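Below is one structure, written out as structure tokens; comments come after it.
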Amino acid sequence: MSKVYAPDDPQFADLGPERFVLTQLDDSILDAKFETKPIGFFKDAAIRFSKSRVSIIALIVIAIVLAMAIVGPNMNEYGYNDQNMDYINLPPKIPAFAKSGIFAGTRVLLNRRVDALGDTSRYPEGCIVHKSNYQVINGVELCDVTVDYYKYSGVDDDVYFMFGTDYLGRDLWTRVWRGARISLVIAFVSVILNSTIGLIYGSIAGYYGGSIDMVMMRITEIINAMPTVVVVTLFILYFGNGLLSIIMALVVQNWIGTARMIRAQFYRFKNSEYVLAARTLGVGDRTLMSRHILPNSIGPIITRTMVAIPSAIFTESFLAYIGLGIRAPESSIGVLLSEGQKVLMHYPEQTLFPALLISVLMIAFNMLSNGLRDAFDPTQRGA
Amino acid sequence: MLITLFIIVTIGFMVIRLMPGNTMYADDPDMSAAQIEVLRAKYHLDKPVPVQYVIFLRGLLLEGDWGTSISLYVGVPVWDVLKAKIPVSMYNNIVSLMISLPLGILSGVIAAIRKNTIVDYATSFAVVIFISVPSFIFATLLQYFAAFKWRLFPIIYDASATGAGKLHSLLLPILALSFSPIARVTRYLRAELAETINSDFMLLARTKGLTETQATLRHGIRNSLVPLANVVIPMFTHIMSGSLVIERIFSIPGMGGLMVSSINAPDYPLTLAILIFYSLVSLVTVLVVDLAYGVIDPRIRIGGRNIE
């Protein structure tokens, strides 16, 4: 028989409080505290980011280039526009590598007359390092001579240029890093402007919606329909090719992408419960936008910014290449590339360093943006 | 679209005519004041800018008259100049697109089928490099090594060559232009296909006895190609702006060099015509994307009709 409580059952007749015992008096039974710390959004992303080895390498590379862009131009005594006619087109020479053969300041001169090699007025004492490829053409004995180009040009022994010099005798080390500085400044400033404009524009369009949204989006469509080449060209035609006008030319169209993305984020979040709750509590429009909805799109914003930087660097050098960008004597990666292109066949090393720099920078920024995207939004990994 | 074109033409015309320092012929020491007056009157430069604009538009719309080149090719109608240059540039761009599409699709499919193997990783690595490094760096590399060092190709464009010789002398610029589109198509197709492979109809295809490769080739790719149109057609505009620099590097007498020299000359009617040409091409591309959607995927067309 089961013990079911019934008031008239005799065995429950003498139920007094003294027959009840509290099973637990000694310790309180509140929820146990988390032993680990709670992880915020940024910490979570940072953990994922730091697990990706490629992103870390990219970050380090970018940091190095940034540091060199800041200190590099001042590391030796040459200015970016110090022309010296005695030091024209010297190959790179680094004292520490002098024995190894590369960066030793040597250059191969093709098809020289063998009988003239002893002439010290043309080949100064001790400049010939190596002779090869002897051949006789029309009865004249020719050979390829590897010379110490610094001695060959009559440059003092203690003078050296780590990246060589250009056709005006300007130090390429200084010019490359100054070029990196200019290119990076253009990229960063234009991207910051893009993001700011896009952020404000997109928030307003996305938050208010309706006819405001429609008009604002129509405007962006018209701006975006114009081909980038045309817009940038017209812009630079009109405002000249100073630093500021190039930055602005990069902003004219590029903010639209950010604006659209922010608008989409606002559409996603503006009708959610927490926004409704905040609005019910009397939070104003501006606070709702900036404090409650916008933080949700911080991940995509950062990722987009990182994607925009390499494309800004690319556009800058592209403009310099076709003669619309920064002009000599000022240096930028694009200027160096287009100057190097002119003497590519004879002095390929003048193209090598800027080309390497822009390639490494672009790859690093792309890797970094991939890593950031994966960190902020793991669902998109590998897309 | 026509409205956008009209806005671009208007802005372009105004910007070019209102440029600071735009006093054409005014400082030429070889001409007398009377000669300058006659020349300015001939090109309508003595009239107010809005009137010039109306004259230009009327000539363009009614007679197809793009104006006359005033300093680069003196006296030659702009249209004749363009007629000689457009085919050269278009040849490059279209051949480059023709090369990149099949190659990109092929490597994208291979990477997707062999996902998470060494092949996939190698492809992804190559994709990052080819997308990141600008096309003019590749052009410079190819020019130095393939043309100058190994003497496989002519260093600059050989205008007299025809047929296979023309392709031979244009192969390096076309290659340099193609790397980035190939990588883009590969990356896109790999991501699309990797998603499609996991869908139910692919499971069914394998259940009825197809191997994974067969199922991917017969059923998977077709579904992944639809969104590809969205990437490929705008890529044409991208290739075109890339070819501005490539043409300069390989001395190809195309639109790129013309644009730069017309700006530097300055030759305003020519600049304007080139800008209109580029706008037209990119607007047509957008239109083609919209139309292509309906053709490639009927669902989109029907869906649109239902909403109306």
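Below, chains carry the letters A, B, ... as their sequence lines are ordered, and counting in each starts from 1. Everything numeric in this text was worked out from a predicted model, so none of it was measured.
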(message) To the closest 0.5 Å, what do you measure between OH (B:Tyr144) and CD (A:Gln341)?
(response) 12.5 Å
(request) Sort out for me which of B:Ala194, B:Ser132, B:Ser124 touches chain A most, counting heavy-atom pairs under 4.5 Å. (result) B:Ser132
(request) Give, as side chain, backbone, both or neither, the part of A:Ile358 having an atom under 4.5 angstrom from any heavy atom of chain B. (result) side chain
(request) Working to the nearest 0.5 Å, report the span between OG of B:Ser135 and CZ of A:Phe314. (result) 5.0 Å
(request) Would you mind telling me which of B:Val133, B:Thr271, B:Ile249, B:Ile274 has the largest number of heavy-atom pairs within less than 4.5 Å of chain A? (result) B:Ile249
(request) Select one option (side chain, backbone, both, neither) describing which atoms of A:Leu361 are under 4.5 Å from chain B's heavy atoms. (result) neither
(request) Sort B:Ile137 into side chain, backbone, both or neither according to what part of it lies under 4.5 angstrom from a heavy atom of chain A. (result) side chain
(request) Decide if atom OH of A:Tyr267 counts as having more than 12 heavy atoms of other residues, nucleotides or ligands within a radius under 6.0 Å. (result) yes
(request) Check whether B:Leu244 gets within reach of chain A through its side chain, its backbone, both or neither, counting any heavy atom under 4.5 Å. (result) both
(request) State the CE-CD1 distance between A:Met367 and B:Ile129, to the nearest 0.5 angstrom. (result) 7.0 Å
